[in-house]
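Sequence lines set the chain letters: A, B, ... in the order given, protein chains first and strands last, and positions in each chain run from 1. None of the values given here were measured: they were computed from a predicted structure. Quick note: numbers below take in every heavy atom, side chains included, and nothing from hydrogens, waters or symmetry partners.
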Amino acid sequence: MAEAYDPSVIEPKWQTYWEENKTFRAERRPGRPKKYVLDMFPYPSGAGLHVGHPEGYTATDIVCRFERMRGTDVLHPMGWDAFGLPAEQHAIKTGTHPRSTTLKNIDNFRRQLKMLGFSYDWEREVDTTDPRYVRWTQWIFLQLFKKGLAFQQSNMPVNWCPALGTVLANDEVTADGRSEVGGFPVEKLKIRQWSLKITAYADRLLEGLENLDWPETKAKQAHWIGRSEGANVDFEVEGHPGARITVFTTRVDTLPGATYVVLAPEHALALQIATPEHQAEVKRYADEANAKSDVVRSDATRAKTGVPTGAFAVNPINGDKIPVWVADYVIGSYGTGAVMAVPAHDERDHAFAVKYALPIVRVVAKADGTEVDVAKAAYCDDGVANADAVSRSKAPIEQGMPSEKVRRTVTDWLASQGRGSSKITFKLRDWVFSRQRYWGEPIPIYFPVTTDGDPRKPGTKYEIHYDQPIPLEESELPLLLPDLEDFKPGTDPAGPLARALDWRFFEREGKWFARETNTMPQWAGSCWYYLRFVDPTNDEAGWSPEAYDAWMPVDLYVGGSEHAVLHLLYARFWHKVLFDLGVVKHEEPFQKLVHQGLILGEVEHIVFHEATAVPGSRAKREGDRWVDAETGADLTDRRMRSTDLDNRGGAFYLREADVPVLTTPDGEHFAFYAASETLVSAERAKERDDGSFEDAKTKKTLVIRKVTEQDITKRGAHFTLNDSPETQVLSQAFKMSKSRGNVVNPDVLIKSHGADSLRLYEMFMGPLEAVKPWQTSGIEGVRRFLERVWNVSTTNVTGDPADYDVETQKLVHKTIKKVTEDVQALRFNTAISAMMILVKHLGGLPKVPAGAARALSLLVSPFAPHIGEELWQQLGGKTSLAYEPWPAFDPALVKDDVIEIGVQVNGKARASIQIPADADEAAAKAIALEDPKIKDFTAGKTIKKVIFVKGRILNLIVG
RNA sequence: GCCGAAGUGGCGGAACGGUAGACGCAGCGGAUUCAAAAUCCGCCGGGGUAGCCCCCCGUGAGGGUUCGAGUCCCUCCUUCGGUACCA
């Protein structure tokens, strides 16, 4: 008896072998096909790998190992997207330099990935924070700058939190304009920002999607780009000969029905044209709108508000004088920041017109000419022009003219009058590219400084001329970050780099200059890493044309769908810019894209109890739980945001119960609840944003209790409690999160079951793209499978061809066919089940043919490479099987001579029969009619019709 | 609201328009064992009948197309993801 399967021995053995032999070094050999298979490289967080990483990485690894065995040259690299906020936050807390944190985390990630046996070419590892990498990120920025695609905007509104000394993203700001962390006031500050002109590529980014083999992500990007065709129309303003309001509309056919014009609060003309008696009101309204957070402003369910300017615009199509309003439902940054309002045919305009009693004029009828009642709701569909449209228009509209034609007619007429033109508008905005942070690529730009001395010395007066940006010479790259001691954001929105005075200011030929202190966003490094992988150590260029030709484009790109829009759109944008520069040769970088599905935690069964809030002062820590100091009862804690609490002179109270919470020294608030005996059925429980649950009716917090499968039974569509069959239980898999405590650690699983089992299980869970709940017992199932693979391949193996029976040969070849096809289609779960069937069969044989065992080790090796290699060696392989030819199947052996097909009578399955594979209809029918069951169903009836699909079905229609 | 994906046993999931539930997990029964673990074998949608034959029902709901629908079409419901005063 051979030794037992022990992954802890064979896995390190083969990992060392691959490393020492550089088994997976990517090389191009003449005359071979190539495949560039790319994983989205990770941000090396301190938490290490989670089970989501190996999912996509195993999928690509299987493809790569399979392709190598089929003679393909494979590029399969890995690297680190290593700039980013967590390392910087860690630095602020601990004073550890982000570089050392980052390097430590990278080491940990690399160790974990190597333990999983991925066939990366580790000589191509890239790190976006490496100066040799940063150099070329900055080089690309300079190209963008020189093409005018990187530019500064001086008054980009940002969320500035003075208390935290930092700029916040929109989702870090609460609805009432405070910081999510700490609840400090947030101001809208207009600061100078770098932007990239991605909008210049909007059309090409949209068109480029067409021929890509991408999933629904294409639709998401198209939606994000948001192209709309319409027209700009100019309205003159009465009493302001120079002023002209340009509106963008997609429904220029409704122009005769425009009864007022609305400007965004930030529109430049708003204050200018407001009449004296309306000035103050317009100003107040604009200020209020500006103070509102974007979250509040974009809440479409909010009632519309607005104020009149007192001014009147002239509708160019009929000369009508219509009022000009200011309202925040019009967005300043989309279109022209002004709309013509046609309440009869636009929902928002309708709601606004009803509220402020503005006239509603109907100019579109249904296609058949019938008029729609627009008193209650707008009619927004296309239709035909009605009589009013004709009478109210100087343009040659005819009654009954379809909307599409009216649009062309009106646009042409406006153009001829010089009052409008057709226009295409995009939702896509330019990409704000600067961050007021330390741990990012410095922007390789500096500015002239006028000063009365050395601007590095305190008290020196100086002025930085941001309007005169100067790019660094390419030879001066990379521009590296200065070493800082203190990474805290300060009072200066220019960011922490502004404090590195020796770095920031420099003197050249008697003149002073100041470097840009903003850094690039984390997206920058990931915008081109796939290009660096083809030539990772090149110091003459980001990549050479030869290396590019050898490997690009990326043939398969696998990563999470959370990057469906931003990363994938930004990278495509840079690629197109590089294409225009002639340094890349394809318009699109990623040919085929697949998103692996999220892996959720194990399913939890949850029972809800009514709860009573307990004052924070009574909560006592006991081990890792909280108890009520008075009653000794277990308490459930809930972390609260200060904005959800009542602040009474510095003491925070729960709103729902008027009970004080516990506030920790670092400003976190915890509410506590004691469970009551009263159960609440799951259909009444509603999950809150913070993960806690409330009663949908009473809005009161519910306490949860986890139960096991033994405690519950499925009744109808739901699980209910055995002890209380009316109480529904919530059975749900939640997203893995530290706070929920349902995170599965790959290190632990590798230790207990081995990397091969983990890889195999993740592929066996279900389709790659699907969201799937984790099930630890499932990994034990695939572990058993690997044990069986091991046992059939190491025990009783016979080299005698006489023992290789035909049935086994057939099954081996069918399995080869199935696995080959499934791997090519990325259907790994069904490929594994096919191998399970083969192993089951081999296990039942008195002796296992060596040919079958060898085929099995080859087939299993892309999925579970360590056991594959080990068995291959034990079966006589002299070297790694990584380049062993993938087994071919014999078509003759895949076909069966006798097959089983179903027989239906009147479309209902009644029996199955064995027939020769090449049997024709008559033969099949004859055999079927001999079958006793079929005889029963056809007895005394005539066969009216026979449907026969060769190899599939026989259907007898009788009557 | 809009766009997209998906609803199949106790659970994860299979199924070119052709015998629904492959494969695995959990469960049940048996073999092995002094015993247990491990392993191996068998059963495993619901109901009827009853042991092993067989019949009926069954892929979110309701219609439709078809000899035949989990699969195609229409309407609706639910879940998940994205997005949202975008004129």
task: Quick one: look up who B:rA20 pairs with, Watson-Crick or G-U, both distances under 3.5 Å, and put none if it's unpaired.
output: none

Opposite nucleotide pairing with B:rU49, Watson-Crick or G-U, both atom distances under 3.5 Å: none

message: So, OP1 or OP2 of B:rC57: does either fall under 4.0 Å of a side-chain N or O from A:Lys908?
response: yes

task: Would you please confirm or rule out a distance under 4.0 Å between OP1 or OP2 of B:rG81 and any side-chain N or O of A:Lys220?
output: no

- prompt: Within the structure, does a side-chain N or O atom of A:Arg784 lie under 4.0 Å from either OP1 or OP2 of B:rA26?
  reply: yes

task: Please state whether the phosphate of B:rA87, meaning OP1 or OP2, lies under 4.0 angstrom from any side-chain nitrogen or oxygen of A:Tyr334.
output: yes

task: Determine which nucleotide pairs with B:rG10, using a 3.5 Å limit on both distances of a Watson-Crick or G-U wobble pair.
output: B:rC25

field: Side chain A:Glu216 and base B:rG82 donor-acceptor under 3.5 Å
entry: no

- prompt: Which heavy atom of A:Leu209 sits nearest a heavy atom of A:Ala222, and at what distance?
  reply: CD1-N, 3.9 Å

task: Kindly say if A:Arg952 contacts the phosphate of B:rC67, meaning a side-chain N or O under 4.0 Å from OP1 or OP2.
output: no

task: Compute the centroid of each ring, for A:Tyr260 and then for A:Phe352, and state whether the two points are separated by less than 6.0 Å.
output: yes

task: Respond yes when some side-chain nitrogen or oxygen of A:Asn829 is under 4.0 Å from OP1 or OP2 of B:rA14, and no when none is.
output: yes

task: Provide the Watson-Crick or G-U wobble partner of B:rC40, both distances under 3.5 Å; none if there is no partner.
output: B:rG30

- request: Could you tell me whether the phosphate oxygens of B:rG82, OP1 or OP2, come under 4.0 Å of any side-chain nitrogen or oxygen in A:Ser561?
  value: no

message: Between A:Glu404 and A:Arg407 (salt bridge meaning N to carboxylate O under 4.0 Å), is one present in this structure?
response: yes

task: Determine: side-chain N/O of A:Lys714 to OP1/OP2 of B:rC11, distance under 4.0 Å, yes or no.
output: yes

statement: In terms of heavy-atom contacts, A:Ile867 and A:Leu786 come closest through CD1-O, 3.6 Å

- request: For A:Phe426, report the nucleic acid contact type (base, sugar-phosphate, nothing); a contact means any heavy atom under 4.0 Å.
  value: nothing

- request: For A:Ser333 and for A:Pro767, find the nucleotide of RNA chain B with the closest heavy atom, then tell me which residue's nucleotide is more 5'.
  value: A:Pro767

query: Base, sugar-phosphate alone, or nothing: which one does A:Glu769 contact when heavy atoms must sit under 4.0 Å apart?
result: nothing

message: Suppose we define a pair by two distances each less than 3.5 Å, Watson-Crick or G-U wobble; what does B:rC80 pair with here?
response: B:rG4

Heavy-atom closest pair, residues A:Val848 and A:Thr795: CG2-O, 4.4 Å

